[in-house]
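Counting starts at 1 for both ligands and their atoms, in listed order. Keep in mind the model is a prediction, meaning the values are calculated, not measured.
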Amino acid sequence: MKTARPLCVCTVLGTRPELVKLAPLVPRLDAEPGVRHLVLHTGQHYSYEMDAVFFADLGLRAPDVLLHVGSGSHAEQTAKILTGVERALIEHHVDVLVVLGDTNSTLGGALAAAKLGVRVVHVEAGCRSFVRSMPEEINRVLVDHCAALLCAPNEDAQKQLLAEGVAPADIEVVGSTAIDAARTYAGRSLGRPIVDEVLQSLGQKDGRELLVCTVHRAENTTPEVLPELVAGLGRIAERFPIVWPVHPRTRKVMDQLGLRLSPRIKELPPIGYLDMLALLQAARALCTDSGGLQEEAYAVGTPLLVLRHETEWTYLVKAGCAALCGNRGEALAQTALAHLGQDDNDRMREAARRYAEHARDGDAAERITRALRGRFL
Ligand code: UD1
């Protein structure tokens with residue numbers, strides 16, 4: 001559709017993963033002829049180590065609109081995002097809104113836009129864990145069904161959207177911007193001092209014995225599940241020491257429950273993007289429940305142990321570079337240790353390398369920009 005004035009496109013971000021995964025897209029939309037591009041930061045994540053360090057590491061430009069929604073219950077947080085985004089969309093005459101993934105910022109942004117008749121582009125559309133009790137799953141499903149352009153990362157996601165009745169013409173398979181970002185920044189992260197510092201503090205010489213771990217999901221930070229996870233990770237650490245940058249949500253629950261980590265687990269505060277990429281590249285494997293980190297591990301060829309019973313990134317399991325280990329004490333430890341033996345570890349590393357040879361990775365942001373141009377300019 002032709003418009004007399006430039007098309008106003010607004011990209012909404014608010015949390016760590018959105019900063020990382022939208023970093024490859026923001027400069028492209030800034031430079032797109034015929035587009036006036038705004039970046040709106042909801043302020044869902046706000047502390048230095050959850051937010052500002054990512055702007056610095058990624059060289060991401062400052063947002064044009066900043067809401068200070070901060071923490072709160074899901075309803076409070078989403079309500080503040082809804083009203084704040086609505087105000088900005090009206091004030092700046094926004095035509096198209098871009099959101100990514102599954103956070104409350106994604107949902108609040110998409111809902112505000114859809115109700116105003118602003119067209120929604122959903123990046124990372126069609127991913128499903130099929131667990132409706134997860135806040136992220138609700139957010140993904142709702143946002144997909146109010147989007148005008150659904151950018152699916154792969155064919156599995158596309159099939160899912162078709163099965164849910166989305167019109168084929170509204171779907172574009174574009175790849176994953178998490179992989180664009182990891183490929184771009186992996187080289188820049190090499191040689192960062194964090195790797196030697198961590199190895200030294202754990203009395204290790206070789207990163208290939210080290211595991212990187214993160215845990216933050218709501219279902220993994222309940223008083224029932226978190227102690228099981230800590231026990232399972234403690235057992236794994238008897239064989240392979242672990243470095244664990246602890247998310248604020250997880251730290252809060254550990255404090256409430258008085259949970260202590262094994263001395264073979266090195267706790268860090270949340271770390272920046274480049275430090276995480278440096279650790280990932282040095283490590284034997286990543287143990288995580290994070291969506292974004294799963295793809296980052298694959299992008300740098302590091303085997304992945306998922307601390308859940310399901311994953312939205314089923315292609316990583318199918319390709320053989322990821323294994324589902326669950327979140328329950330001894331069962332988790334047994335499954336993880338079985339995959340950490342030298343033969344299995346080599347096999348998973350090789351699977352990541354082989355899959356990457358044939359995957360269409362690394363230019364998702366370019367494909368999204370092209371799809372947006374084709375539909376709306
Ligand atoms: C959110 C997303 C999740 C994403 C994750 C990445 C939702 C529903 N979930 O979860 O999909 O993978 O971000 O981190 O949107 N906090 C700080 N400093 C901050 C931000 C948060 O201390 O800068 C603390 C707050 O006390 C807050 C808690 O962390 O209560 C959780 O933050 P919240 O934004 O609610 O969700 P996340 O768990 O980060």
Side-chain angles (χ1 to χ4, degrees), residues 12-23 41-58 63 66-82 84-85 99-112 122-125 127-129 131-144 176-178 181 213-222 225-226 229 244-256 268-273 276 286 288-297 306-308 310-313:
V12 169
L13 39 77
T15 65
R16 270 193 317 194
E18 289 161 304
L19 300 183
V20 170
K21 296 187 206 182
L22 288 167
H41 189 330
T42 64
Q44 179 173 344
H45 285 175
Y46 46 83
S47 52
Y48 175 78
E49 66 261 3
M50 297 290 283
D51 183 59
V53 66
F54 285 82
F55 276 90
D57 279 2
L58 294 157
L66 180 55
L67 312 175
H68 294 277
V69 304
S71 310
S73 71
H74 283 280
E76 280 167 350
Q77 202 175 48
T78 312
K80 284 189 197 159
I81 295 166
L82 257 173
V85 173
V99 290
L100 174 138
D102 60 12
T103 72
N104 289 340
S105 294
T106 317
L107 176 66
L111 260 186
H122 188 203
V123 179
E124 231 180 52
C127 301
R128 297 287 180 270
S129 66
V131 183
R132 282 287 167 103
S133 55
M134 285 169 54
E136 287 84 1
E137 183 75 352
I138 305 279
N139 292 348
R140 281 184 190 283
V141 173
L142 294 177
V143 174
D144 278 342
S176 162
T177 57
C213 164
T214 78
V215 173
H216 79 277
R217 284 196 182 262
E219 71 273 20
N220 272 348
T221 48
T222 63
V225 176
L226 192 57
L229 266 168
W244 184 351
V246 179
H247 188 285
R249 167 210 285 281
T250 313
R251 184 70 261 166
K252 232 184 263 176
V253 182
M254 281 180 176
D255 289 344
Q256 283 158 7
L268 297 178
I271 56 175
Y273 184 59
M276 181 53 94
L286 168 73
T288 194
D289 65 359
S290 153
L293 272 172
Q294 293 181 44
E295 287 201 296
E296 282 155 23
V306 183
L307 302 174
R308 297 167 58 190
E310 68 296 307
T311 175
E312 294 78 6
W313 309 118

With heavy-atom distances below 4.0 Å as the criterion, list the atoms of ligand 1 near T103.
2 (C), 7 (C), 11 (O), 15 (O)
Compute whether any side-chain donor of one residue and acceptor of the other, for S133 and E219, lie under 3.5 angstrom apart.
no
For I138, which residues count as a side-chain contact (heavy atoms from CB on, under 4.5 Å) partner, sequence neighbours excluded?
R132, L142
Answer yes or no for D102: is there a heavy-atom contact with ligand 1 below 4.0 Å?
yes
Run the numbers for me: atoms of ligand 1, each under 4.0 Å from some heavy atom of Q77, listed by number.
34 (O), 35 (O)
Test: salt bridge (charged side-chain N to carboxylate O under 4.0 Å, His left out). Region: residues 101-111. Which pairs qualify, not counting sequence neighbours?
D102-R140
Residue part near ligand 1, for P17, under 4.0 Å between non-hydrogen atoms:
side chain
Short N/O distance, under 3.5 Å, between H216 and ligand 1?
yes
Between S129 and E136, do the side chains contain a donor N or O and an acceptor N or O under 3.5 Å apart?
no
Do the ring planes of H45 and H247 sit parallel (below 30°), tilted (30 to 60°) or perpendicular (above 60°)?
perpendicular
Please classify the S47 to ligand 1 contact at 4.0 Å (heavy-atom distances, strictly less than): side chain, backbone, both or neither.
both
Of the listed options K252, H45, Q44, R16, closest to atom 32 (O) of ligand 1 (non-hydrogen atoms)
H45
Nearest neighbour of atom 37 (P) of ligand 1 from the list R251, H74, H247, on a heavy-atom basis:
H247
Side chain proximity check, P270 to R16, heavy atoms < 4.5 angstrom:
yes
Against heavy atoms of E136, which atoms of ligand 1 measure under 4.0 Å?
3 (C), 9 (N), 11 (O)
Say whether N104, considering both its backbone and side-chain N or O atoms, lies within less than 3.5 Å of an N or O atom on ligand 1.
yes
